[in-house]
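Okay, structure first, notes after.
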Amino acid sequence: MKPQKPLIFLTNDDGYNAKGLNALIDALRPMARMMVVAPETAQSGMSHAITMGSPLFLRNVRQEEDLEIYACSGTPVDSVKMAFDSLLTEMPVLALSGINHGSNSAVSVIYSGTMGAAMECGLYNIPSIGFSLLDHRAEADFTGAVYYALRIIDRILRQEEIDLPMCLNVNIPNIPVDQIRGIRVCRQNKGYWREEFERRQDPRGRDYYWLTGVFLNQEEHAEDTDECALRNGYVSIVPMQIDLTNYQQLDRMERWQW
């Protein structure tokens, strides 16, 4: 009797039909059983949002040997919660979010639905990884992203001991796979988005606003960040955590006189 394949959970923020998610599903078919719960529609920028004021709907869209796919009417984190609290009868060995269409490096991680879902998975005490390709286009080529995703997944599955919680933010440069120079484990780049709201008018003459903006890198010359790794043709891996405590500030404030 063949040994049972490991169970892997997948989600994303681009919707269950997104090319990046389905490229990852196809690549994992020979090696894993999969439970997929992803948003019904695109939910980019939802971060860790959950639905509280309206009901959630869950729809089974695909049922095959070793593969179940559900569409959730809510956010990426809603999808994770629905899966772990209502669907899964067995704890997966790994949780994956993505592959996202577009970067989630630097400060973008705090807005990311992809990484919100990955970090939520980590709360269930299993290793989780969010994957993002630096290409927003619907027709993006995920060849390089899948190649490196499989390398990273295999490395995690072969690791004898993992310090939990583990949540990895993986970004892949948008260049041909043979031009990617390797993998770098690094830290999150410091910077911020300077938003601009472009004002337009609808056919009835009403003003509306479209969000645009530019990323301002505060560490252009740093060599140990995700932005530096991506700029130089490397896949970046940043270990993430839920704890937002500023420990340096905490240490200083403990010495204040109150």
Would H48 and Y111 count as a close aromatic pair, with their ring centres under 6.0 Å?
no
Stacked cation flag R200 on Y208, 6.0 angstrom / 45 deg
no
How about S105 and D226: does a side-chain donor come under 3.5 Å of a side-chain acceptor?
no
For [X], run the side chain to side chain contact (heavy atoms under 4.5 Å, CB included) check against [options] and tell me which one passes.
{"X": "I69", "options": "I25, L10, L21, N17", "answer": "I25"}
{"X": "P127", "options": "L157, L168, D163, I162", "answer": "I162"}
{"X": "N104", "options": "I110, V170, N169", "answer": "N169"}
{"X": "N12", "options": "P39, S79, P76", "answer": "P39"}

Nearest 0.5 Å please: distance from the [atom1] atom of [X] over to the [atom2] atom of [Y].
{"X": "M46", "Y": "D78", "atom1": "CE", "atom2": "CG", "answer": "8.0 Å"}
{"X": "S103", "Y": "N171", "atom1": "OG", "atom2": "CG", "answer": "4.5 Å"}
{"X": "F142", "Y": "L133", "atom1": "CZ", "atom2": "CG", "answer": "5.0 Å"}
{"X": "D207", "Y": "Q201", "atom1": "CG", "atom2": "CD", "answer": "5.0 Å"}
{"X": "M115", "Y": "S108", "atom1": "CE", "atom2": "OG", "answer": "12.0 Å"}
{"X": "I156", "Y": "M166", "atom1": "CD1", "atom2": "CE", "answer": "4.5 Å"}

Side-chain contact, heavy-atom cut-off 4.5 Å: [X] with [Y]?
{"X": "F197", "Y": "T212", "value": "no"}
{"X": "P165", "Y": "L123", "value": "no"}
{"X": "T114", "Y": "T11", "value": "no"}
{"X": "V93", "Y": "I126", "value": "no"}
{"X": "S132", "Y": "I172", "value": "no"}
{"X": "L94", "Y": "L7", "value": "no"}
{"X": "R59", "Y": "Y16", "value": "yes"}
{"X": "V36", "Y": "E68", "value": "no"}

Contacts of N60 that satisfy side chain to side chain contact (heavy atoms under 4.5 Å, CB included) - sequence neighbours left out
Q63, Y70
Does the pair D66 and M34 meet the rule for a side-chain contact (heavy atoms from CB on, under 4.5 Å), with working shown?
CA-CA 6 Å; D66 294 337; M34 285 173 282; over 6 Å; no
Does D154 reach the main-chain N or O of L150 with its side chain, forming a donor-acceptor pair under 3.5 Å?
no
Any idea how Y124 and F84 line up, ring-wise: parallel (<30°), tilted (30 to 60°), or perpendicular (>60°)?
parallel
Do you know the tightest heavy-atom contact between [X] and [Y]?
{"X": "V77", "Y": "S47", "value": "CG2-O, 4.0 Å"}
{"X": "C186", "Y": "A229", "value": "SG-CB, 4.3 Å"}
{"X": "H101", "Y": "A18", "value": "NE2-CB, 4.2 Å"}
{"X": "M82", "Y": "C72", "value": "CG-SG, 4.2 Å"}
{"X": "M119", "Y": "C167", "value": "CG-SG, 3.6 Å"}
{"X": "V146", "Y": "A23", "value": "CG2-CB, 3.9 Å"}

Walk me through whether E219 and R187 qualify under salt bridge (charged side-chain N to carboxylate O under 4.0 Å, His left out).
CA-CA 12 Å; E219 299 183 290; R187 65 176 176 87; 2.8 Å; yes
State yes or no: do [X] and [Y] share one hydrophobic cluster built from I, L, V, M, F, W and Y residues joined by side-chain heavy-atom distances below 4.5 Å, directly or via other members?
{"X": "L96", "Y": "M35", "value": "no"}
{"X": "V61", "Y": "L24", "value": "yes"}
{"X": "V80", "Y": "I50", "value": "no"}
{"X": "I129", "Y": "I180", "value": "yes"}

Trace of the side-chain contact (heavy atoms from CB on, under 4.5 Å) decision for F9 with C121:
CA-CA 9 Å; F9 172 73; C121 290; 3.9 Å; yes
Could you walk me through whether F131 and Y148 pass the ring pair (Phe, Tyr, Trp, His ring centres under 6.0 Å) check?
CA-CA 10 Å; F131 292 106; Y148 278 94; over 10 Å; no
Would you call [X]-[Y] a salt bridge at under 4.0 Å N-O?
{"X": "D251", "Y": "R255", "answer": "yes"}
{"X": "D202", "Y": "R204", "answer": "no"}
{"X": "R252", "Y": "E254", "answer": "no"}
{"X": "K190", "Y": "E220", "answer": "no"}

Across all chains, not counting sequence neighbours, the side-chain hydrogen bond (donor to acceptor under 3.5 Å, both in side chains) partners of E65 are none
Which residue pairs satisfy the salt bridge (Lys or Arg N to Asp or Glu O under 4.0 Å) criterion with at least one member in residues 81-100, sequence neighbours excluded?
R33-E90, K81-E120
Just grab all the salt bridge (Lys or Arg N to Asp or Glu O under 4.0 Å) pairs involving residues 15-31, residues at least two apart or on different chains.
R29-E64
Name each donor-acceptor pair under 3.5 Å that joins a side chain in residues 235-246 to protein atoms two or more places apart or in another chain, with its distance.
{"residue": "Q241", "atom": "NE2", "partner": "D243", "partner atom": "O", "Å": "3.3"}
{"residue": "D243", "atom": "OD1", "partner": "T245", "partner atom": "N", "Å": "2.9"}
{"residue": "D243", "atom": "OD1", "partner": "T245", "partner atom": "OG1", "Å": "2.6"}
{"residue": "D243", "atom": "OD2", "partner": "Y247", "partner atom": "OH", "Å": "2.3"}
{"residue": "N246", "atom": "OD1", "partner": "Q248", "partner atom": "N", "Å": "3.3"}
{"residue": "N246", "atom": "OD1", "partner": "Q249", "partner atom": "N", "Å": "2.9"}

Would E196 and W210 satisfy side-chain contact (heavy atoms from CB on, under 4.5 Å), going step by step from the backbone distance to the final call?
CA-CA 8 Å; E196 299 172 0; W210 197 259; over 6 Å; no
Restricting to salt bridge (charged side-chain N to carboxylate O under 4.0 Å, His left out), what partner residues turn up for R155, sequence neighbours left out?
none
